[in-house]
Amino acid sequence: MVTASTTERNIANAKKLIEEVINAGRPELCDRYLAADRVDHQDYGLPPGMANGHEGFRRVLGVFFDAFPDLHLEVEFTIGDDDRIMLHISTTGTHTGAFMGMAPTGKTFKVNGVDIFRFNDEGKIAAHWGVFDTFGMMAQLGLVPPPGQP
């Protein structure tokens with residue numbers, strides 16, 4: 001049975017993943033908060049299964065760290081429902097490395113996204129669904145024309 005304290009624990013663990021692993025640039029610590037068999041349902045343009053588990057998490061995060069070394073996520077608000085937690089996140093970074101085959105622009109971006117996590121009984125993330133404003137980021141970096149521009 002999931003209780004309020006379990007939901008609170010899950011929210012705290014999701015925030016710790018962001019602060020201690022992503023914002024601190026320490027992907028090697030992901031096993032503290034992710035189940036080894038974590039399934040990632042977000043489409044990153046990778047073959048199926050390539051974003052799963054600890055190695056998949058590090059693979060995806062590495063692409064962003066290489067392109068945006070100052071990558072920073074800010075939790076705007078959370079919603080908890082049983083073993084699922086939703087985070088509304090603002091993401092910022094400066095484009096100083098190649099990203100999706102595009103040369104660095106030196107520009108910064110700030111976009112929003114939503115991450116939904118399902119936790120196992122041990123309080124580790126067992127599944128992830130996410131939506132990230134890739135188009136908004138690419139427009140801010142000058143890599144695609146903004147909406148309404150030819």
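The analysis underlying the following values was restricted to heavy atoms, covering all of them including side chains, and did not include hydrogens, waters or symmetry mates. Positions are given from 1, in the same order as the sequence printed here. Here the structure is a predicted model, which is why all the values come from computation and not from measurement.
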Verify the cluster assignment for [X] and [Y]: are they in a single hydrophobic cluster under the rule of side-chain heavy atoms below 4.5 Å apart?
| X | Y | value |
| --- | --- | --- |
| F77 | V111 | no |
| L29 | F65 | yes |
| L71 | L87 | yes |
| V131 | V60 | no |
| F135 | F132 | yes |

Would you mind writing out the side-chain donor-acceptor pairs for residues 16-25 within the sub-3.5 Å range, not counting sequence neighbours?
unit_1	atom_1	unit_2	atom_2	d
E19	OE2	N23	ND2	3.1
E20	OE1	Y33	OH	2.3
N23	OD1	L73	N	2.8
N23	ND2	L73	O	2.8

How many angstroms lie between atom [atom1] of [X] and atom [atom2] of [Y], to the nearest 0.5 angstrom?
| X | Y | atom1 | atom2 | result |
| --- | --- | --- | --- | --- |
| D83 | T6 | CG | OG1 | 10.0 Å |
| L61 | R26 | CG | CZ | 13.0 Å |
| R84 | W129 | CZ | CH2 | 5.0 Å |
| M137 | F68 | CE | CZ | 4.5 Å |
| I79 | T7 | CD1 | OG1 | 12.5 Å |
| T94 | H72 | OG1 | NE2 | 12.0 Å |

Which heavy atom of [X] sits nearest to which heavy atom of [Y], and what is that distance?
| X | Y | answer |
| --- | --- | --- |
| F119 | N10 | CZ-O, 3.2 Å |
| L143 | A103 | CD2-O, 4.5 Å |
| L46 | D43 | N-OD1, 4.4 Å |
| N112 | S90 | OD1-OG, 3.0 Å |
| A98 | A67 | O-CB, 3.3 Å |
| G80 | I85 | CA-CD1, 3.7 Å |

**Prompt:** Does F109 reach the side chain of T91, with side-chain heavy atoms less than 4.5 Å apart?
**Reply:** yes
**Item:** Within-4.5 Å side-chain heavy-atom neighbours: R59 and Y44
**Value:** no
Without placing hydrogens or testing angles, list every side-chain donor-acceptor pair under 3.5 Å for residues 120-127, not counting sequence neighbours.
unit_1	atom_1	unit_2	atom_2	d
N120	OD1	E122	N	3.0
N120	OD1	G123	N	3.1
N120	OD1	K124	N	2.9
N120	ND2	E122	OE1	3.4
K124	NZ	D31	O	2.8

**Asked** Which pairs pass side chain to side chain donor-acceptor pair (under 3.5 Å) with one or both residues in residues 97-110, sequence neighbours excluded?
**Response**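 Checked against side chain to side chain donor-acceptor pair (under 3.5 Å) - neighbours excluded - the pairs reaching residues 97-110 are H95-T105.
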**Residues which pass side chain to side chain contact (heavy atoms under 4.5 Å, CB included) with V114, listed by chain and number, not counting sequence neighbours** =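 For V114 the side chain to side chain contact (heavy atoms under 4.5 Å, CB included) partners, ignoring immediate neighbours, are M86, H88, I116.
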**Request:** Just jot down the side chain to side chain contact (heavy atoms under 4.5 Å, CB included) partners of V63, sequence neighbours excluded, or say none.
**Result:**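 By the side chain to side chain contact (heavy atoms under 4.5 Å, CB included) rule, V63 matches F99.
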**Request:** Verify side chain to side chain contact (heavy atoms under 4.5 Å, CB included) between M102 and L141, making sure each step is shown before the conclusion.
**Result:** CA-CA 10 Å; M102 298 182 197; L141 297 176; over 6 Å; no
Between side-chain atoms of residues 47-57 and protein atoms elsewhere (two or more places apart, or another chain), which donor-acceptor pairs fall under 3.5 Å?
unit_1	atom_1	unit_2	atom_2	d
N52	OD1	D40	N	2.7
H54	NE2	L34	O	2.8

